[in-house]
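Note sheet for the following structure.
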Amino acid sequence: MRIVTWNINSLRLRMPLLAQLCQDTSPDIVCLQETKVPDSLFPLDAVRALGFDHVAFRGMKGYNGVAILSRQPVTVLEDAPDWCQRGDCRHIAIRHGTGAGAIDVHDFYVPAGGDIPDPVENPKFAHKLAFVEEARAWFSGRDMRRTVLVGDLNIAPLEHDVWSHRQLLKIVSHTPAETERLLAWQQTGFVDAMRHFVPATEKLYTWWSYRNRDWSRSNRGRRLDHVWVTPDLQPALRGMDVLRAARDWDKPSDHVPVMIDLDA
DNA sequence: ATGGTTGGTCCCCAA
């Protein structure tokens with residue numbers, strides 16, 4: 001099974017890029033974030049034309065929005081809370097398959113958190129910390145098996161998940177307040193599937209700011225997008241790829257897709 | 001220390 005996660009930064013604008021991605025990688029499941037499309041305007045026909053007959057989406061006007069596209073039938077899991085009671089379309093989860101072979105997939109878009117890394121001064125940062133804490137608490141109360149969690153978690157937890165650990169310690173996405181909380185969430189029962197393939201001592205990024213003249217040359221990236229799996233799926237991990245080339249596509253997202261292959 | 005770019009919506013917000 002091949003799963004791809006991507007913060008697409010407007011599904012309607014980048015439908016041709018999604019088609020390119022699917023042609024290049026033939027994923028079984030695609031998890032999208034920042035679809036920026038209300039459910040009534042979701043481009044369902046165009047997504048079906050790519051081979052995804054089973055689509056779960058949760059969107060709103062202008063911001064946020066997540067979607068899971070699947071070739072095989074899925075059921076939407078409805079037991080998660082409305083995170084921070086905001087109704088802001090940052091999570092959707094599905095079950096793929098049935099019985100002992102079923103796999104659950106959670107797709108998250110964690111709040112970016114604004115610019116000031118202080119929850120008192122900056123309500124967006126407070127929201128981000130509360131969101132991650134709430135997610136940690138919810139997952140810690142579950143007996144999880146055969147579960148994959150992906151998405152734009154908007155936090156780069158490890159030293160080599162950013163271009164300069166020292167220079168980003170006070171930059172939102174890499175502050176200790178965030179990285180500690182993210183790792184606590186991960187430790188409720190997940191393995192970092194990207195770092196299963198790439199040692200923590202190696203740089204690994206999935207996002208490069210639009211605000212750089214030459215993103216590739218300056219290479220000031222961060223690993224904001226993640227794939228976690230429960231330990232029972234770790235032996236099934238077969239491959240991982242960060243599709244860096246997508247950052248140079250026409251009218252690119254600032255995030256690139258991350259692909260994971262599971263023998264499951 | 002600062003400003004840099006993009007997308008969606010509606011004259012600015014979020015990233």
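Because the structure is predicted, anything quoted here is derived from the model rather than measured. Letters go in sequence order (proteins before strands), and every chain restarts at 1. Side-chain atoms are counted along with the backbone in the values below, which use heavy atoms only and exclude waters and symmetry mates.
Across the interface with DNA chain B, nearest-nucleotide mapping of A:L13 and A:N7 shows A:L13 to be the residue nearer the 5′ end. Where A:N212 and A:E34 each meet DNA chain B at their nearest nucleotide, the meeting point lying more 5' is that of A:N212.
Nearest to the side chain of A:R14, among B:dT6, B:dA15, B:dC13, sits B:dT6.
With sequence neighbours excluded, the residues forming a side chain to side chain donor-acceptor pair (under 3.5 Å) with A:D24 are A:Q20, listed by chain and number. Contacts of A:R244 classified as side chain to side chain donor-acceptor pair (under 3.5 Å), with partners at least two apart in sequence or in another chain: A:N219.
Listed by first and then second residue, the ring-ring contact (aromatic ring centres under 6.0 Å, His included) pairs involving residues 140-173 of chain A are A:H165-A:H174 (not counting sequence neighbours).
Here B:dT6 presents its P atom at 17 Å from CD1 of A:I8, a figure rounded to the nearest Å. The CG atom of A:D152 sits 17 Å away from the P atom of B:dA14 (whole-angstrom rounding). Summarising the geometry, the separation between CZ on A:R211 and C1' on B:dG4 is reported as 6 Å, rounded to the nearest angstrom. Spacing between atom CH2 of A:W207 and atom P of B:dG7 amounts to 15 Å, rounded to whole angstrom units. The distance between atom CG of A:N9 and atom P of B:dT5, rounded to the nearest whole Å, is 16 Å. Rounded to a whole Å, the CG atom of A:N122 is 12 Å from the C1' atom of B:dA14. Distance CG (A:D225) to P (B:dA15): 15 Å, rounded to an integer number of Å. When the C1' atom of B:dA15 is taken as reference, atom CG of A:L224 falls 11 Å away, rounded to whole Å.
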Checklist entry - When you look at A:S253 and A:N9, which way does the side chain to side chain donor-acceptor pair (under 3.5 Å) test go after all the steps? => result CA-CA 6 Å; A:S253 169; A:N9 188 16; 5.1 Å; no
Item to check | CA sep, side-chain torsions, deciding dist, call: A:S140, A:Q187, side chain to side chain donor-acceptor pair (under 3.5 Å) | outcome: CA-CA 9 Å; A:S140 72; A:Q187 284 156 15; over 6 Å; no
Item to check | A:Q72 and A:D28: CA distance, side-chain angles, deciding distance, side chain to side chain donor-acceptor pair (under 3.5 Å) verdict | outcome: CA-CA 8 Å; A:Q72 300 299 322; A:D28 298 292; over 6 Å; no
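Across residues 160-177 of chain A, not one residue has a non-hydrogen atom less than 4.0 Å from an atom of DNA chain B. Of the residues in residues 108-120 of chain A, A:Y109, A:A112 come within less than 4.0 Å of DNA chain B through at least one heavy atom, sorted by number.
Annotation: B:dC11 and B:dG7 have their C1' atoms spaced 16 Å apart (nearest Å). A gap of 26 Å separates the P atoms of B:dC10 and B:dG4, to the nearest Å. To the nearest whole angstrom, the two P atoms, one in B:dT5 and one in B:dT9, are 23 Å apart. Taking atom P in both B:dT2 and B:dA15, the straight-line distance is 23 Å, to the nearest Å.
Remark: the backbone N or O of A:A156 is not paired with any side-chain donor or acceptor of A:S173 at under 3.5 angstrom. In this structure, the side chain of A:E134 engages the main chain of A:C84 through a donor-acceptor pair within 3.5 Å. A distance-only check finds no donor-acceptor pair linking the side chain of A:D161 to the backbone of A:Y205 [under 3.5 Å]. Looking at A:R90, its side chain never comes within 3.5 Å of a backbone N or O of A:N64 through a donor-acceptor pair.
Heavy atoms only, all atoms of each residue included: A:G59 and A:C89 are closest at O-SG, 3.4 Å.
Looking only at side-chain heavy atoms (C-beta outward), A:S209 and A:R220 stay at 4.5 Å or farther from each other.
Within the 4.0 Å cut-off from OP1 or OP2 of B:dT6, not a single side-chain nitrogen or oxygen of A:K251 is found.
Within the nucleic acid shown, A:R90 comes within 4.0 Å of sugar-phosphate atoms alone, with no base atom in reach, counting heavy atoms only. In this structure, A:R220 reaches neither bases nor backbone, as no heavy-atom distance under 4.0 Å exists between it and the strands shown.
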Please list, pair by pair, any protein nitrogen or oxygen found under 3.5 Å from a nitrogen or oxygen in nucleotides 9-11 of chain B.
unit_1: B:dT9; atom_1: OP1; unit_2: A:G62; atom_2: N; d: 3.4

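Note on ring orientation: taking the six-membered ring where Trp is involved, the planes of A:H91 and A:F108 are parallel (angle under 30°, cut-offs 30° and 60°).
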